[in-house]
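A short worksheet on the structure shown next.
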Amino acid sequence: MENKKVIEALKKTFPEKVTEIPDRLGDTIVRIEKDALLNIMEFLKNRPCEFTMLLDLTCVDYLSSKGCFEMVYHLFSISSNNRIRIKTEVRKNELDIDSLSDLWKNTNWLEREVFDMFGINFKGHPDMRRLFMYEGFEGYPLRKDYPLRKRQPKIPLRRLT
Amino acid sequence: MTRIQKEASKESLLINMGPSHPAMHGTIRIMLELDGEVVRNSEVEVGYLHRGFEKTCEHKTYFNLLPYTDRLNYVSPLINNLGYVMTMEKMLEIEAPERAQYIRVIMSEFSRVSDHLTALAAMTMECGAFTVFLYYIQAREEIWNFIEQTTGARMTTSYIRIGGVRADLHPDFKGLMDKAMKVTRRVLKDVKGLLDKNKIWIDRTRDIAVVNPEMAVNYGFTGPCLRASGVSYDVRKAHPYLVYDQLEFEVPLGDKGDNFDRYMVRMKEMEQSLRIIEQAVEKMPDSASRAGLMVKGIEPDEAIKASRSKKAEERVNLSPNLQGSEKDVRPDILVKGKKYTVPPKEDTYTNIEGLINHFKFFMSGHGIRPPKGDVYFSVEGGNGELGFYIVSDGTDNPYRLHLRAPCLHIVSALEEMIKGHYIADIIPTFGSTNMIGGELDR
Amino acid sequence: MGKIKPRAYYRETLNGGFIATKINYMLGWGRKYSLFHYPFITACCGMEYMSAACAHWDFDRFGAGMTTFSPRQADMLFVVGTISQKEAPVLKTVYDQMCEPNWVIACGACAVSGGIYDNYAVVQGIDKIIPVDVYIPGCPPRPETILNAIEKLQEKIQHQKQDWQWKIKK
């Protein structure tokens, strides 16, 4: 199914939840509402859209400018060889979003990474822990307000004379 | 209290593997719940090589962060360079000259071969086949010799630049390249003879950690691991970049998706890569510059001396490796326009406009400033689809740079892959995923 | 020795089946050519370490070819690659398990000083955690540099004050 048709179908099934963003580079970008995330992803994964592979899942920090985080999902369909980018906003006052762990298994780690780096909570995730940083690490390093060189050593360091 | 400690039953044995374990590459920890020797449940912990790549990049300019990409998948640094650079080129809407594209293909295919060689070398060594390990590393050594001759570094090359490549191929590149290809072919043949029908090898890898196509797709597998499961998806074929659509090659597939298939697919892919290199060398357009690859000129210090009294007009003789700095060779390997590329070194050192251009390129707040927006682009890396997602806010630093690391998705399936197998089977399974810490933990 | 020339002296004594030397020198000589090492490999430099260990460069020539994966049997800790804050306790544990005498080589810019990774996640040099004997620069160091470091360490071992079990300690 071609991307144009996919967007048409999306708009038909979820009116008011979906807006298409034009892109100068020719990528297909769709902005959706947060509460419809699970339904839309399920719709995209199953026939006829068949975006069976979740390529990537990440987050961008717009706290200082827009007051929100933006979740970015990249889906890929092997049958039609198309990629699609889904964006949704997570507002500052409610930092949680539905987990996609029932649909794709790699979200288990990808969502843990986003939780680790940005502090977004995923509802329904089986094991919400930090992925890269250790227990006892405070703050979320990829947020813009975390200083690059703020270190939190896990063991006391030697003092060199 | 980790997850597995909570879930474990009282009768079973909990054992820890790694991170400092010879087969765990130093950067991964597996906690196992054992029933005798059978793995009942496991938990994989990563992050021991988290180096803050993404955060650091936000504080660097687009040009400066290139060396960091070398150190992602450090066995095939040139493909990582390529992934980042192609993403930037898509964002800036520029295209490298044709000769540069062929050079990129040659370099990235050699990198792929060295990646597969190392992956299989580690996998076989951990299973006890030390001879094979030595053979593979010998071939890799020859490939790195060739890479060093052209790029000036064995591993962390930063050779592929935005808009082209750093330097043209070395004037004598064919000698070392032919040797590298010959040695690699011989090693592949030797290893085939040693392993393909080897009873021990087959017993240890066949029907172990079988990944069916549905599971592979659901976990986001790409690259050799996905193709071993029988799904034909190769970024070079599906979304051709560079000149891959003009080159002939096959995408080898496995049928079962077990460890042996992952080994086999890598072996076959190396042969295809060598095939691609041969074609690329043949089709590569000749250097258009009049002087050819070797440019004669005066020595740099003489040029600097001369420029003190008047504008130096002569060509400057620079090291044969770094001919990218030669004005004459630039049209072949770099795009035009001072906005995207470092000005030629001979201009920088000998005339004032060149110096200003150089200064403006590197000054913070200037340099490469792509328009606002976000972009995703991916190339076929050693482990699979290596994608970069870059968000630009119009300044010279990326607002956000995210790497789609292929082996994160593969290693995230490790828990399911080793479930129900013996503890000794973890080693070839883990080896076949080709976990690379720099890429996984970033 | 009196008036006897040293050469003749050794010839005579060796005929008797023994040589005279300083025990410090002898222990140093023995220790420098049997460096069992524990490779603590985490990152990129590990690839160059592999090259240096394999047939092409082969640091077995310097008696450092024996790799043991138990810190208790190792004389030399080869820290190759970036040490992150999460990895630091692991390195410390491994080092604490090593028997005396032991030596540490920090291989590569990241192990020496944190290298290009000056950020929240990386320890700025392993000497913040454990003492280091030889620092190898380079990102990553070439195999020759690694061989050179082993030679340097051998020199150091030869000339340092040796510690042995039956030595009377003050």
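Within every chain, numbering begins at 1; the chains are lettered A, B, ... in the order of the sequence lines, protein sequences first and strands thereafter. The model shown is predicted, which means the values in this text are computed figures rather than measured ones.
Of the listed residues (B:V75, B:L49, B:L134, B:I436), the one with the most heavy-atom contacts under 4.5 Å to chain C is B:L49. Taking B:T118, B:T156, B:T56 one by one and counting their heavy-atom pairs under 4.5 Å with chain C, the maximum is reached by B:T156. When the candidates B:H59, B:M24, B:Q138, B:K55 are compared by the number of heavy-atom contacts under 4.5 Å with chain C, B:K55 comes out ahead.
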query: Going through the distances and angles, do C:R142 and B:E148 end up as a side chain to side chain contact (heavy atoms under 4.5 Å, CB included)?
result: CA-CA 11 Å; C:R142 289 181 58 88; B:E148 187 190 5; 2.5 Å; yes

field: Check against side chain to side chain contact (heavy atoms under 4.5 Å, CB included), C:Q85 and B:Y48
entry: CA-CA 8 Å; C:Q85 304 282 10; B:Y48 288 96; over 6 Å; no

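Electrostatic pairing of B:E45 and C:K86 counts as a salt bridge here, judged by a charged N lying under 4.0 Å from a carboxylate O.
Residue B:S20 comes nearest to C:V94 through the heavy atom pair OG-CG2, 4.0 Å, listed as atom of the first residue, atom of the second, then distance. Taking each heavy atom of C:A121 and B:G52 in turn, the nearest pair found is CB-N, 4.2 Å. Residues B:G47 and C:S84 come closest through the heavy atom pair O-OG, 4.3 Å. Shown here for B:M155 and C:P140, the closest heavy-atom pair between the two residues is SD-CG, 3.7 Å.
Note on ring orientation: taking the six-membered ring where Trp is involved, the planes of B:Y68 and C:Y117 are perpendicular (angle over 60°, cut-offs 30° and 60°).
Using a 4.5 Å cut-off between heavy atoms, B:E141 contacts chain C through its side chain alone, with no backbone atom that close. Heavy atoms of B:R29 lying under 4.5 Å from chain C are absent altogether.
To the nearest 0.5 Å, atom OH of residue B:Y135 and atom SG of residue C:C54 are 13.0 Å apart. The OH atom of C:Y120 lies 12.0 Å from the CZ atom of B:R51; values are rounded to the nearest 0.5 Å. To the nearest 0.5 Å, atom CZ of residue B:F53 and atom CG of residue C:N119 are 11.5 Å apart. Atom CZ of B:R71 and atom OG1 of C:T82 lie 9.5 Å apart (nearest 0.5 Å).
Residue-level contacts of residues 36-52 of chain C with chain B, in order of numbering, are C:Y38, C:F40, C:I41, C:T42, C:A43, C:C44, C:M47, C:E48, C:M50, C:S51; threshold 4.5 Å between heavy atoms.
Atom OH of C:Y25 sits in a sparse spot, with 12 or fewer heavy atoms from other residues, nucleotides or ligands closer than 6.0 Å.
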